[in-house]
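Input: a single structure, listed below in C-alpha coordinates.
Heavy-atom basis, side chains included; hydrogens, waters and symmetry copies ignored. When a residue number appears, it is its place in the shown sequence, counting from 1. Worth saying up front: this structure is predicted, and the values here are computed from it rather than measured.
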Amino acid sequence: KTVQDAAGRSPAHLIPLWVGEETVELLDILTDEEVLGLTTLAGVSVFERFWLWSETASQGRPFEPVHSRLQEFGARFPELVPCLTARSVSCDSVPDSDVAYSILETRSGAPIHVWESVRGGAMVTVLIINLPNAFPWPMQKRTLDNLATTVIRGFNAKVFLVSSSKHLVSLLRLSLKDFLAGLVKVIDELPLQEPFVLVDNSFGIATSLLWSLRDRLAGAFVINAIGIFPEEYLESAAHLKFAEVMEKRAESRARADRDVDQICDHIFSAMVAGTPDFLDELRKEWRAATAVAEEDFWLLGSAQCRWLVRERSAAIADLPKLNLQASLVCSMHGPTVVAIESMDILHRLLPQASLASVPGSKCWWEVENPEFVTTELERLMRRLRLTEEAVKTT
(Lines give C-alpha, C1' and ligand atoms only; values in the text may rest on other atoms or scores of the structure.)
Protein backbone atom coordinates (compact mmCIF):
# COMPACT_ATOMS: atom_id res chain seq x y z
CA LYS A 1 0.00 0.00 0.00
CA THR A 2 2.91 2.35 0.62
CA VAL A 3 4.94 1.74 -2.55
CA GLN A 4 5.69 5.06 -4.30
CA ASP A 5 7.20 5.78 -7.71
CA ALA A 6 9.94 8.28 -8.57
CA ALA A 7 7.41 11.12 -8.43
CA GLY A 8 6.24 10.01 -4.99
CA ARG A 9 2.92 8.64 -6.28
CA SER A 10 1.41 5.58 -4.65
CA PRO A 11 -1.17 3.28 -6.33
CA ALA A 12 -3.86 5.25 -4.47
CA HIS A 13 -2.75 8.40 -6.30
CA LEU A 14 -3.24 6.71 -9.67
CA ILE A 15 -6.24 4.39 -9.45
CA PRO A 16 -9.32 5.76 -11.27
CA LEU A 17 -12.15 6.91 -9.01
CA TRP A 18 -15.80 6.26 -9.89
CA VAL A 19 -19.11 6.90 -8.16
CA GLY A 20 -19.93 3.44 -6.86
CA GLU A 21 -19.48 0.88 -4.16
CA GLU A 22 -16.00 -0.09 -5.42
CA THR A 23 -14.63 3.33 -4.41
CA VAL A 24 -16.27 3.06 -0.98
CA GLU A 25 -14.63 -0.36 -0.54
CA LEU A 26 -11.31 1.08 -1.71
CA LEU A 27 -11.51 3.80 0.92
CA ASP A 28 -12.19 1.15 3.58
CA ILE A 29 -8.89 -0.48 2.60
CA LEU A 30 -7.04 2.84 2.64
CA THR A 31 -8.48 4.28 5.87
CA ASP A 32 -5.14 4.45 7.56
CA GLU A 33 -3.27 7.62 8.51
CA GLU A 34 -0.06 6.33 6.96
CA VAL A 35 -1.66 5.60 3.57
CA LEU A 36 -3.97 8.63 3.34
CA GLY A 37 -1.05 10.83 4.34
CA LEU A 38 1.22 9.57 1.54
CA THR A 39 2.35 12.63 -0.40
CA THR A 40 3.84 13.03 -3.86
CA LEU A 41 6.91 15.14 -4.51
CA ALA A 42 4.46 17.81 -5.70
CA GLY A 43 2.83 17.81 -2.26
CA VAL A 44 -0.42 15.98 -3.13
CA SER A 45 -1.64 13.54 -0.48
CA VAL A 46 -3.92 10.54 -1.05
CA PHE A 47 -6.42 12.14 1.32
CA GLU A 48 -6.46 15.38 -0.71
CA ARG A 49 -7.07 13.47 -3.93
CA PHE A 50 -10.04 11.56 -2.51
CA TRP A 51 -11.40 14.66 -0.77
CA LEU A 52 -11.40 16.87 -3.86
CA TRP A 53 -12.89 14.08 -5.95
CA SER A 54 -15.66 13.27 -3.47
CA GLU A 55 -16.78 16.92 -3.13
CA THR A 56 -18.14 17.05 -6.70
CA ALA A 57 -18.23 13.42 -7.85
CA SER A 58 -22.01 12.96 -7.83
CA GLN A 59 -23.29 15.22 -10.63
CA GLY A 60 -21.26 18.10 -9.28
CA ARG A 61 -22.30 17.45 -5.69
CA PRO A 62 -20.63 15.46 -2.87
CA PHE A 63 -20.59 11.67 -3.12
CA GLU A 64 -21.72 11.20 0.46
CA PRO A 65 -20.65 7.58 1.13
CA VAL A 66 -17.03 8.65 0.59
CA HIS A 67 -17.20 12.32 1.56
CA SER A 68 -18.81 11.64 4.96
CA ARG A 69 -16.11 9.09 5.84
CA LEU A 70 -13.39 11.51 4.81
CA GLN A 71 -14.98 14.22 6.98
CA GLU A 72 -14.87 11.87 9.96
CA PHE A 73 -11.25 11.03 9.28
CA GLY A 74 -10.43 14.71 8.69
CA ALA A 75 -11.89 15.60 12.10
CA ARG A 76 -9.31 13.27 13.63
CA PHE A 77 -6.45 14.46 11.44
CA PRO A 78 -7.29 18.06 10.41
CA GLU A 79 -3.81 18.62 9.01
CA LEU A 80 -4.78 16.39 6.04
CA VAL A 81 -7.84 18.42 4.99
CA PRO A 82 -7.01 20.64 1.97
CA CYS A 83 -7.69 24.34 2.30
CA LEU A 84 -9.41 25.50 -0.88
CA THR A 85 -9.45 29.15 -1.87
CA ALA A 86 -12.99 30.56 -1.97
CA ARG A 87 -12.48 32.22 -5.33
CA SER A 88 -14.72 34.87 -6.78
CA VAL A 89 -16.10 33.84 -10.14
CA SER A 90 -16.28 37.42 -11.34
CA CYS A 91 -12.78 38.43 -10.27
CA ASP A 92 -11.39 41.50 -12.01
CA SER A 93 -8.64 41.17 -14.57
CA VAL A 94 -5.22 42.65 -13.99
CA PRO A 95 -5.36 46.38 -14.81
CA ASP A 96 -4.41 46.53 -18.48
CA SER A 97 -4.09 50.22 -19.32
CA ASP A 98 -0.61 49.45 -20.66
CA VAL A 99 -1.80 46.45 -22.70
CA ALA A 100 -3.80 46.60 -25.93
CA TYR A 101 -6.17 43.78 -26.88
CA SER A 102 -7.47 43.31 -30.41
CA ILE A 103 -8.81 40.74 -32.88
CA LEU A 104 -6.67 40.11 -35.95
CA GLU A 105 -8.30 38.48 -38.97
CA THR A 106 -5.96 36.32 -41.04
CA ARG A 107 -6.01 36.22 -44.84
CA SER A 108 -8.25 33.16 -44.70
CA GLY A 109 -10.63 34.84 -42.26
CA ALA A 110 -9.62 33.19 -38.96
CA PRO A 111 -10.04 35.54 -35.96
CA ILE A 112 -6.92 35.71 -33.77
CA HIS A 113 -6.81 37.26 -30.29
CA VAL A 114 -3.81 39.56 -29.83
CA TRP A 115 -2.35 41.26 -26.75
CA GLU A 116 0.60 43.64 -26.88
CA SER A 117 2.11 46.57 -25.04
CA VAL A 118 0.68 49.93 -26.05
CA ARG A 119 4.31 51.02 -26.44
CA GLY A 120 4.89 48.40 -29.17
CA GLY A 121 8.36 47.07 -29.88
CA ALA A 122 7.80 43.51 -28.62
CA MET A 123 10.97 41.42 -28.39
CA VAL A 124 9.34 38.00 -27.89
CA THR A 125 6.33 36.26 -29.42
CA VAL A 126 4.07 33.84 -27.54
CA LEU A 127 1.51 31.77 -29.45
CA ILE A 128 -1.31 30.17 -27.45
CA ILE A 129 -3.28 27.34 -29.03
CA ASN A 130 -6.47 27.36 -27.00
CA LEU A 131 -8.95 24.55 -27.66
CA PRO A 132 -11.06 24.13 -24.51
CA ASN A 133 -12.89 20.88 -24.00
CA ALA A 134 -15.86 22.25 -22.07
CA PHE A 135 -15.28 25.86 -21.07
CA PRO A 136 -16.71 28.74 -23.12
CA TRP A 137 -14.38 31.56 -24.17
CA PRO A 138 -15.98 34.23 -21.90
CA MET A 139 -15.07 32.09 -18.89
CA GLN A 140 -11.47 31.71 -20.03
CA LYS A 141 -10.80 35.25 -21.20
CA ARG A 142 -10.21 36.79 -17.74
CA THR A 143 -7.46 34.30 -16.95
CA LEU A 144 -5.88 34.56 -20.40
CA ASP A 145 -6.00 38.38 -20.17
CA ASN A 146 -4.02 38.10 -16.95
CA LEU A 147 -1.58 35.53 -18.34
CA ALA A 148 -0.93 37.63 -21.46
CA THR A 149 -0.51 40.79 -19.40
CA THR A 150 2.03 39.04 -17.16
CA VAL A 151 4.29 37.89 -20.01
CA ILE A 152 3.96 41.24 -21.79
CA ARG A 153 5.05 43.15 -18.70
CA GLY A 154 7.74 40.68 -17.67
CA PHE A 155 9.23 39.78 -21.05
CA ASN A 156 8.13 42.50 -23.50
CA ALA A 157 6.13 39.88 -25.39
CA LYS A 158 3.40 39.99 -27.99
CA VAL A 159 0.79 37.30 -27.50
CA PHE A 160 -1.31 35.64 -30.22
CA LEU A 161 -4.11 33.20 -29.42
CA VAL A 162 -5.69 30.75 -31.87
CA SER A 163 -8.95 29.17 -30.73
CA SER A 164 -11.96 27.43 -32.19
CA SER A 165 -14.04 29.66 -34.42
CA LYS A 166 -16.53 29.53 -37.27
CA HIS A 167 -13.51 29.44 -39.56
CA LEU A 168 -12.54 25.99 -38.23
CA VAL A 169 -16.05 24.49 -37.84
CA SER A 170 -15.90 22.39 -41.02
CA LEU A 171 -12.57 20.88 -39.90
CA LEU A 172 -14.05 19.80 -36.55
CA ARG A 173 -16.17 17.25 -38.42
CA LEU A 174 -13.09 15.64 -39.99
CA SER A 175 -10.12 13.68 -38.66
CA LEU A 176 -7.62 15.11 -36.20
CA LYS A 177 -4.97 14.98 -38.94
CA ASP A 178 -7.12 17.17 -41.22
CA PHE A 179 -7.88 19.57 -38.38
CA LEU A 180 -4.20 19.99 -37.53
CA ALA A 181 -3.34 20.65 -41.17
CA GLY A 182 -5.92 23.46 -41.19
CA LEU A 183 -4.61 24.79 -37.89
CA VAL A 184 -1.04 24.94 -39.21
CA LYS A 185 -2.26 26.95 -42.21
CA VAL A 186 -3.75 29.50 -39.80
CA ILE A 187 -0.48 29.64 -37.82
CA ASP A 188 1.50 30.15 -41.03
CA GLU A 189 -0.58 33.27 -41.75
CA LEU A 190 0.40 34.95 -38.47
CA PRO A 191 3.17 37.57 -38.21
CA LEU A 192 5.12 35.59 -35.61
CA GLN A 193 8.60 36.67 -34.60
CA GLU A 194 10.71 33.51 -34.52
CA PRO A 195 11.72 31.59 -32.57
CA PHE A 196 8.51 31.86 -30.54
CA VAL A 197 7.14 30.22 -27.41
CA LEU A 198 4.22 27.84 -27.95
CA VAL A 199 1.63 27.55 -25.18
CA ASP A 200 -0.40 24.39 -25.80
CA ASN A 201 -3.76 24.67 -24.04
CA SER A 202 -5.46 22.28 -26.44
CA PHE A 203 -6.05 19.27 -24.14
CA GLY A 204 -3.73 17.23 -26.34
CA ILE A 205 -5.30 18.04 -29.70
CA ALA A 206 -2.36 20.13 -30.92
CA THR A 207 0.47 18.65 -28.85
CA SER A 208 2.01 16.81 -31.81
CA LEU A 209 2.67 20.22 -33.40
CA LEU A 210 5.68 20.55 -31.08
CA TRP A 211 7.43 18.21 -33.48
CA SER A 212 6.26 19.76 -36.77
CA LEU A 213 6.97 23.31 -35.52
CA ARG A 214 10.18 22.45 -33.64
CA ASP A 215 12.52 24.47 -35.90
CA ARG A 216 10.44 27.59 -35.20
CA LEU A 217 10.20 27.21 -31.42
CA ALA A 218 12.22 28.72 -28.61
CA GLY A 219 10.33 26.53 -26.15
CA ALA A 220 6.94 25.05 -25.33
CA PHE A 221 4.53 25.19 -22.41
CA VAL A 222 2.04 22.31 -22.36
CA ILE A 223 -1.01 22.18 -20.10
CA ASN A 224 -3.00 18.96 -19.52
CA ALA A 225 -2.28 17.14 -22.77
CA ILE A 226 -4.69 14.23 -22.37
CA GLY A 227 -5.40 11.19 -24.50
CA ILE A 228 -1.83 9.95 -25.08
CA PHE A 229 -2.21 6.26 -24.29
CA PRO A 230 0.27 3.35 -24.36
CA GLU A 231 -0.35 0.73 -27.02
CA GLU A 232 -1.21 -2.00 -24.52
CA TYR A 233 -4.02 0.12 -23.07
CA LEU A 234 -5.46 0.84 -26.52
CA GLU A 235 -5.93 -2.91 -27.00
CA SER A 236 -7.55 -3.50 -23.59
CA ALA A 237 -11.15 -4.09 -22.55
CA ALA A 238 -10.92 -1.01 -20.35
CA HIS A 239 -10.18 1.16 -23.37
CA LEU A 240 -13.06 -0.38 -25.29
CA LYS A 241 -15.41 0.69 -22.50
CA PHE A 242 -13.77 4.13 -22.39
CA ALA A 243 -14.26 4.47 -26.17
CA GLU A 244 -17.96 3.69 -25.83
CA VAL A 245 -18.38 6.43 -23.21
CA MET A 246 -16.46 8.99 -25.29
CA GLU A 247 -18.46 8.22 -28.44
CA LYS A 248 -21.70 8.80 -26.52
CA ARG A 249 -20.40 12.10 -25.16
CA ALA A 250 -19.25 13.14 -28.62
CA GLU A 251 -22.69 12.44 -30.01
CA SER A 252 -24.44 14.24 -27.14
CA ARG A 253 -22.48 17.46 -27.74
CA ALA A 254 -23.02 17.42 -31.50
CA ARG A 255 -26.81 17.03 -31.28
CA ALA A 256 -28.94 20.11 -31.91
CA ASP A 257 -31.22 18.98 -29.04
CA ARG A 258 -28.27 18.28 -26.70
CA ASP A 259 -29.01 17.72 -23.00
CA VAL A 260 -27.13 20.69 -21.53
CA ASP A 261 -28.00 19.69 -17.94
CA GLN A 262 -26.38 16.29 -18.42
CA ILE A 263 -23.26 17.81 -19.99
CA CYS A 264 -23.05 20.34 -17.15
CA ASP A 265 -23.29 17.58 -14.53
CA HIS A 266 -20.44 15.65 -16.13
CA ILE A 267 -18.19 18.70 -16.33
CA PHE A 268 -18.76 19.73 -12.73
CA SER A 269 -18.35 16.14 -11.49
CA ALA A 270 -15.04 15.41 -13.18
CA MET A 271 -13.35 18.61 -14.26
CA VAL A 272 -13.64 21.31 -11.56
CA ALA A 273 -12.58 21.55 -7.91
CA GLY A 274 -13.61 24.28 -5.49
CA THR A 275 -15.75 25.28 -2.54
CA PRO A 276 -19.52 24.58 -2.78
CA ASP A 277 -20.45 28.27 -3.04
CA PHE A 278 -17.82 28.83 -5.71
CA LEU A 279 -19.02 25.87 -7.75
CA ASP A 280 -22.65 26.97 -7.51
CA GLU A 281 -21.77 30.40 -8.89
CA LEU A 282 -19.53 28.87 -11.53
CA ARG A 283 -22.30 26.56 -12.67
CA LYS A 284 -24.63 29.54 -13.13
CA GLU A 285 -22.02 31.37 -15.16
CA TRP A 286 -21.37 28.28 -17.27
CA ARG A 287 -25.07 27.90 -18.06
CA ALA A 288 -25.34 31.57 -19.04
CA ALA A 289 -22.24 31.39 -21.25
CA THR A 290 -23.22 28.17 -23.01
CA ALA A 291 -26.73 29.47 -23.64
CA VAL A 292 -25.25 31.95 -26.15
CA ALA A 293 -22.25 29.87 -27.28
CA GLU A 294 -21.62 29.48 -31.00
CA GLU A 295 -21.94 26.06 -32.63
CA ASP A 296 -18.16 25.72 -32.86
CA PHE A 297 -18.01 25.45 -29.06
CA TRP A 298 -20.21 22.35 -29.04
CA LEU A 299 -18.57 20.84 -32.11
CA LEU A 300 -15.14 21.28 -30.54
CA GLY A 301 -16.35 19.49 -27.40
CA SER A 302 -17.67 16.69 -29.58
CA ALA A 303 -14.42 16.45 -31.55
CA GLN A 304 -12.41 16.46 -28.32
CA CYS A 305 -14.28 13.37 -27.12
CA ARG A 306 -14.09 11.64 -30.51
CA TRP A 307 -10.38 12.28 -31.06
CA LEU A 308 -9.59 11.29 -27.47
CA VAL A 309 -10.30 7.62 -28.21
CA ARG A 310 -7.33 6.92 -30.51
CA GLU A 311 -6.36 9.80 -32.77
CA ARG A 312 -4.36 11.79 -30.21
CA SER A 313 -2.29 8.72 -29.37
CA ALA A 314 -1.81 8.04 -33.09
CA ALA A 315 -0.55 11.60 -33.61
CA ILE A 316 2.17 11.04 -30.99
CA ALA A 317 2.96 7.39 -31.73
CA ASP A 318 6.43 6.68 -33.15
CA LEU A 319 7.60 10.27 -32.70
CA PRO A 320 11.26 10.47 -31.61
CA LYS A 321 12.44 12.15 -28.45
CA LEU A 322 12.51 15.91 -28.94
CA ASN A 323 15.26 18.05 -27.44
CA LEU A 324 13.19 21.15 -26.79
CA GLN A 325 13.16 23.34 -23.70
CA ALA A 326 9.66 22.84 -22.33
CA SER A 327 7.50 22.97 -19.24
CA LEU A 328 4.64 20.52 -18.70
CA VAL A 329 1.93 21.29 -16.15
CA CYS A 330 -0.65 18.73 -15.15
CA SER A 331 -3.78 18.78 -13.02
CA MET A 332 -3.34 16.09 -10.38
CA HIS A 333 -6.95 15.46 -9.37
CA GLY A 334 -8.73 14.23 -12.48
CA PRO A 335 -10.67 11.13 -11.34
CA THR A 336 -9.69 8.93 -14.31
CA VAL A 337 -5.97 9.90 -14.19
CA VAL A 338 -5.96 10.43 -17.97
CA ALA A 339 -3.96 13.67 -17.72
CA ILE A 340 -1.34 12.23 -15.36
CA GLU A 341 -0.63 9.16 -17.49
CA SER A 342 -0.61 11.14 -20.75
CA MET A 343 1.76 13.76 -19.37
CA ASP A 344 4.10 11.05 -18.08
CA ILE A 345 4.36 9.64 -21.63
CA LEU A 346 4.90 13.13 -23.06
CA HIS A 347 7.56 13.84 -20.43
CA ARG A 348 9.54 10.80 -21.58
CA LEU A 349 9.45 12.17 -25.15
CA LEU A 350 10.66 15.60 -24.00
CA PRO A 351 13.74 14.85 -21.88
CA GLN A 352 14.58 18.55 -21.38
CA ALA A 353 11.12 19.35 -20.04
CA SER A 354 10.15 19.99 -16.44
CA LEU A 355 6.91 18.50 -15.09
CA ALA A 356 4.82 20.29 -12.47
CA SER A 357 1.49 19.47 -10.83
CA VAL A 358 -1.22 22.12 -10.54
CA PRO A 359 -2.31 22.14 -6.87
CA GLY A 360 -6.02 21.78 -6.21
CA SER A 361 -6.90 21.25 -9.88
CA LYS A 362 -8.95 18.53 -11.55
CA CYS A 363 -8.72 20.01 -15.05
CA TRP A 364 -10.08 23.56 -15.34
CA TRP A 365 -6.92 25.38 -14.24
CA GLU A 366 -8.25 28.72 -15.52
CA VAL A 367 -10.55 28.97 -12.51
CA GLU A 368 -8.97 26.50 -10.08
CA ASN A 369 -5.40 27.79 -9.89
CA PRO A 370 -4.47 30.23 -12.69
CA GLU A 371 -1.75 31.84 -10.56
CA PHE A 372 0.26 28.61 -10.41
CA VAL A 373 0.11 28.05 -14.17
CA THR A 374 1.06 31.65 -14.92
CA THR A 375 4.02 31.41 -12.54
CA GLU A 376 5.20 28.21 -14.25
CA LEU A 377 5.07 29.97 -17.63
CA GLU A 378 7.16 32.80 -16.20
CA ARG A 379 9.71 30.23 -14.98
CA LEU A 380 9.96 28.74 -18.46
CA MET A 381 10.42 32.18 -20.02
CA ARG A 382 13.24 32.94 -17.57
CA ARG A 383 14.79 29.54 -18.26
CA LEU A 384 14.74 30.40 -21.96
CA ARG A 385 16.37 33.73 -21.08
CA LEU A 386 13.56 35.49 -22.88
CA THR A 387 14.01 38.83 -21.21
CA GLU A 388 14.36 42.04 -23.16
CA GLU A 389 18.00 42.31 -22.12
CA ALA A 390 18.82 38.77 -23.27
CA VAL A 391 17.08 39.20 -26.62
CA LYS A 392 19.01 42.40 -27.32
CA THR A 393 22.32 40.55 -26.88
CA THR A 394 21.47 37.62 -29.15
Side-chain angles (χ1 to χ4, degrees), residues 52 55-62 84-96 101-103 111-113 115 128 130-149 161-169 172 201-203 223-224 249-305 331 333-334 358 360-371 373-374:
L52 292 180
E55 280 205 317
T56 61
S58 182
Q59 298 183 336
R61 301 287 186 264
L84 294 179
T85 302
R87 298 182 181 278
S88 169
V89 177
S90 300
C91 57
D92 294 331
S93 296
V94 174
D96 57 0
Y101 167 75
S102 61
I103 302 290
I112 308 298
H113 304 268
W115 294 263
I128 303 173
N130 186 63
L131 299 170
N133 182 16
F135 318 127
W137 169 249
M139 301 186 72
Q140 290 190 300
K141 187 175 183 298
R142 285 191 297 270
T143 293
L144 293 170
D145 275 336
N146 292 349
L147 184 146
T149 297
L161 183 144
V162 180
S163 193
S164 61
S165 65
K166 294 178 181 178
H167 176 77
L168 296 174
V169 162
L172 291 171
N201 194 35
S202 71
F203 285 88
I223 310 166
N224 285 338
R249 289 180 181 172
E251 181 183 355
S252 72
R253 283 161 170 75
R255 293 169 59 95
D257 60 343
R258 63 187 63 89
D259 188 337
V260 177
D261 288 335
Q262 183 183 69
I263 295 171
C264 182
D265 285 343
H266 165 252
I267 290 170
F268 281 80
S269 295
M271 305 182 79
V272 194
T275 63
D277 288 345
F278 168 74
L279 293 176
D280 285 343
E281 289 301 310
L282 192 65
R283 185 186 288 260
K284 292 176 185 176
E285 187 174 346
W286 186 91
R287 290 302 302 267
T290 54
V292 296
E294 299 284 352
E295 191 64 13
D296 65 276
F297 168 75
W298 298 109
L299 288 178
L300 176 61
S302 175
Q304 283 272 15
C305 295
S331 296
H333 295 291
V358 185
S361 174
K362 287 186 177 180
C363 181
W364 196 353
W365 66 270
E366 290 94 335
V367 297
E368 294 166 321
N369 201 339
E371 299 87 357
V373 174
T374 300

Closest non-hydrogen atom pair between Pro111 and Ile103, with its separation: CB-CG2, 3.9 Å

Donor + acceptor pair across side chains of Trp365, Asn201 (<3.5 Å): yes

Test item: Asn224 side-chain N/O and Ser331 main-chain N/O as donor-acceptor pair under 3.5 Å: yes

Side-chain ion pair, Glu281 and Arg287, N-O less than 4.0 Å: no

Gap between atom CZ of Arg249 and atom NE2 of His266 - 0.5 Å precision: 3.0 Å

Polar contact flag, side-chain donor to acceptor under 3.5 angstrom, Glu366-Thr143: no

Leu144 vs Asn130, side-chain contact (heavy atoms from CB on, under 4.5 Å): CA-CA, chis, key distance, verdict: CA-CA 10 Å; Leu144 293 170; Asn130 186 63; 4.0 Å; yes

Residue pair Phe203 / Pro132: nearest heavy atoms and the distance that separates them: CE1-CA, 4.0 Å

Between NZ on residue Lys362 and CG on residue Leu52, distance to nearest 0.5 Å: 7.0 Å

Contact summary for Phe297 and Ala134, nearest pair of heavy atoms: CZ-O, 3.5 Å

Side-chain donor-acceptor pair present, Ser361, Asn369, cut-off under 3.5 Å: no

Residue pair Trp115 / Asp145: nearest heavy atoms and the distance that separates them: NE1-OD1, 2.7 Å

Inter-residue atom distance Thr374.OG1 - Leu147.CG, 0.5 Å rounding: 4.0 Å

Nearest atoms (heavy-atom pairs only) where Ala273 meets Gly360: CB-O, 3.6 Å

Side-chain ion pair, Asp265 and Arg283, N-O less than 4.0 Å: yes

Gln304 side-chain N/O to Leu300 backbone N/O, donor-acceptor pair under 3.5 Å: no

Min side-chain heavy-atom separation Ile112-Leu161 under 4.5 Å: no

Test side-chain contact (heavy atoms from CB on, under 4.5 Å) applied to Val367 and Phe135, step by step: CA-CA 10 Å; Val367 297; Phe135 318 127; over 6 Å; no

Interatomic spacing from CZ in Arg255 to CH2 in Trp298 - rounded to 0.5 Å: 13.0 Å

Student check: side-chain heavy atoms of Ile263 and Phe268 closer than 4.5 Å: no

Validation row: Leu279, Val272 side chains within 4.5 angstrom (heavy atoms): yes

Spatial distance of atom CZ (Arg253) from atom CZ (Arg258) [nearest 0.5 Å]: 10.0 Å

Approximate separation, where rounding is to 0.5 Å, of Asp296 CG and Ser302 OG: 12.5 Å

Parallel, tilted or perpendicular, as decided by the 30° and 60° cut-offs, for the rings of Tyr101 and His113: parallel

Closest non-hydrogen atom pair between Glu368 and Pro370, with its separation: C-CD, 3.8 Å

Glu295, CD: over 12 other non-hydrogen atoms inside 6.0 angstrom: yes

